2 protein chains.
Amino acid sequence: MATSDPVYLRVVEDIRRQITDGTLPPGAPIPSRAQLTRKYQVGETAARHALRVLASEGLIIGRVGSGHYVRERPDLSPLHRWRFLDHPAPFAADLQSQGRRVTWDWHSEPAEAGPDIARRLRLDESTTLTRTHYVFRGDGRPLQLATSYEPLEFAAHTEEERRSLVARVYAHGIKITEIVESVHTRVPRPAESDALDLPAGIHVLHVERTHWAGDRPVETSDIVIPGDRFRIMYSMPV
Amino acid sequence: MATSDPVYLRVVEDIRRQITDGTLPPGAPIPSRAQLTRKYQVGETAARHALRVLASEGLIIGRVGSGHYVRERPDLSPLHRWRFLDHPAPFAADLQSQGRRVTWDWHSEPAEAGPDIARRLRLDESTTLTRTHYVFRGDGRPLQLATSYEPLEFAAHTEEERRSLVARVYAHGIKITEIVESVHTRVPRPAESDALDLPAGIHVLHVERTHWAGDRPVETSDIVIPGDRFRIMYSMPV
DNA sequence: CGAGGTCACTTGGAGCCCCAACTTTGCAGC
DNA sequence: GCTGCAAAGTTGGGGCTCCAAGTGACCTCG
């Protein structure tokens with residue numbers, strides 16, 4: 001039954017097994033196209049296709065001129081929601097608690113809401129609000145992107161204000177009562193692959209977070225996280 | 001600068017644009033390999049590669065003997081956590097509330113914990129527990145997989161008991177106090193692609209859910225959801 | 001000993017071809 | 001009008017080849 005399977009799958013499965021069972025440790029070189037054709041008695045097309053499939057699964061990474069190598073797959077670091085709710089940098093406090101030196105760049109600009117954000121903040125599409133882009137880095141390497149949208153009146157003006165959205169909004173007599181996050185996964189957009197330094201085939205977790213004051217949305221943000229490096233932990237008291 | 005870009009990218013970008021801006025609506029046929037080579041003046045390899053990339057992004061789907069078509073991408077259905085916490089079938093109640101006729105198959109069997117589950121339930125690796133596999137279907141189509149692990153003493157024996165883990169555990173004088181879920185994304189395993197009827201390139205959301213009674217884990221399960229069809233909503237009171 | 005250059009090897013893009021298995025369409029015959 | 005079949009078109013697996021750009025090892029020369 002398995003004899004009529006495509007031949008490239010034989011190669012994929014053999015190498016995948018060697019990677020998962022540790023025969024090929026992270027960083028180990030994968031045989032080159034030429035070596036695979038000889039070793040598995042397959043054509044170049046099959047060898048090439050096998051490498052592409054393994055790369056798209058995130059198991060190996062190809063370096064032009066050098067070869068394919070088993071990808072370093074750090075254990076999925078947990079990002080704990082619920083512990084660090086009121087933080088301008090979602091998950092950043094969590095990364096810090098993992099002993100990484102977390103830095104971040106941000107820049108704000110006025111922007112039109114647009115259909116998507118308008119719906120999420122229950123505003124008119126043409127409303128102008130403050131959009132802030134964040135890039136978070138751990139020990140220099142990019143870890144996470146976030147884009148936050150706030151109505152102008154809540155926007156932070158000082159570094160101090162930026163630290164707590166809750167306090168900032170409370171200054172207007174509005175109390176945040178709920179945070180809603182929606183998680184899904186998707187292919188990174190080109191700009192995101194670039195900013196996060198993602199190899200092909202790695203998906204991202206996209207978290208849409210909205211701060212609510214009663215039934216009024218107060219802030220919303222899009223958080224983009226490499227899907228293969230992190231797990232998001234939600235803890236819910238019963 | 002963009003003139004030296006690979007030619008297959010020109011094709012990918014042009015078709016992607018047509019799909020996202022609606023020129024090619026869901027279900028619309030994509031030009032065949034032969035047509036693409038003529039239309040974009042590229043070789044077969046480039047046309048083929050472009051189609052493969054678009055398919056791996058989940059934008060199109062190939063049907064052998066027929067052609068490639070723009071994939072139907074139903075809006076990401078929300079699965080609300082927090083609302084239906086004590087349910088044997090995670091998210092199933094939620095699917096039902098979306099007007100789908102949800103059915104599910106399950107079967108239980110005794111199984112050894114193994115390293116992973118042993119760690120999650122803080123048991124010995126060789127402990128025997130009840131493993132239950134669920135397949136959830138909405139209007140006949142598979143929507144979600146779940147595998148639940150319960151120590152033998154908490155396992156359900158009647159259909160009635162199956163309805164509430166909280167009640168089942170409470171019968172032993174143990175009160176569930178917390179549910180922890182960890183979300184990440186990964187490539188579906190072959191069995192999962194099969195069971196969920198997933199085309200190549202679609203990732204899954206993997207939710208590890210653990211019910212805790214104080215500092216004692218009481219049940220844990222793995223929930224696997226097509227990443228492109230669902231979003232998981234977490235709602236956290238501040 | 002160190003610097004620089006050459007050369008072999010590797011990836012990734014691209015082209016062309018063959019074939020099996022499957023779908024669609026259109027036509028011929030009942 | 002309907003059935004059944006053949007032909008044409010399509011995907012996906014596989015093979016072969018050429019080439020540009022990058023890497024790494026080694027060797028030669030100052």
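The sequence lines fix the lettering, A, B, ..., with proteins before strands; numbering per chain opens at 1. Since this is a predicted model, take the numbers as computed values, not measurements.
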Quickly work out the Gln35(B) CD to dA8(D) P distance and round it to whole Å.
17 Å
Would you call the rings of His203(A) and His203(B) parallel, tilted or perpendicular, where under 30° means parallel and over 60° means perpendicular?
parallel
Going by atom types only, do Ser221(A) and Arg209(A) share a side-chain donor-acceptor pair under 3.5 Å?
yes
So, Glu57(A) side chain and Leu54(A) main chain: donor-acceptor pair closer than 3.5 Å or not?
no
Protein proximity profile, nucleotides 15-24 of chain C - base contact B, sugar-phosphate-only contact S, no contact -, cut-off 4.0 Å on heavy atoms
BBB----BBS
Could I get the full list of side-chain hydrogen bond (donor to acceptor under 3.5 Å, both in side chains) partners for Arg10(A), not counting sequence neighbours?
none
Whole angstrom is fine here: how far is it from CG in Leu54(B) over to P in dG12(D)?
12 Å
May I ask you to verify if any side-chain N or O of His68(B) is less than 4.0 angstrom from the OP1 or OP2 atom of dT10(D)?
no
Tyr8(A) OH to dG13(D) C1', straight-line distance once rounded to whole Å:
8 Å
In this structure, how many angstroms lie between the P atom of dT10(D) and the CG atom of Leu36(B), rounded?
10 Å
Checking side-chain polar atoms at under 3.5 Å, does Arg120(A) have a donor or acceptor matched by the opposite partner on Thr210(A)?
no
At under 4.0 Å, does any side-chain N or O of Ser32(B) touch on OP1 or OP2 of dG9(D)?
no
Whole angstrom is fine here: how far is it from CG in Leu51(A) over to P in dC9(C)?
18 Å
Donor-acceptor contact below 3.5 Å, side chain Thr128(B) vs main chain Ala111(B):
no
Any side-chain N or O of His49(A) under 4.0 Å from OP1/OP2 of dG15(D)?
no
Length of the line joining Leu9(A):CG and dG12(D):P, which is rounded to integer Å:
14 Å
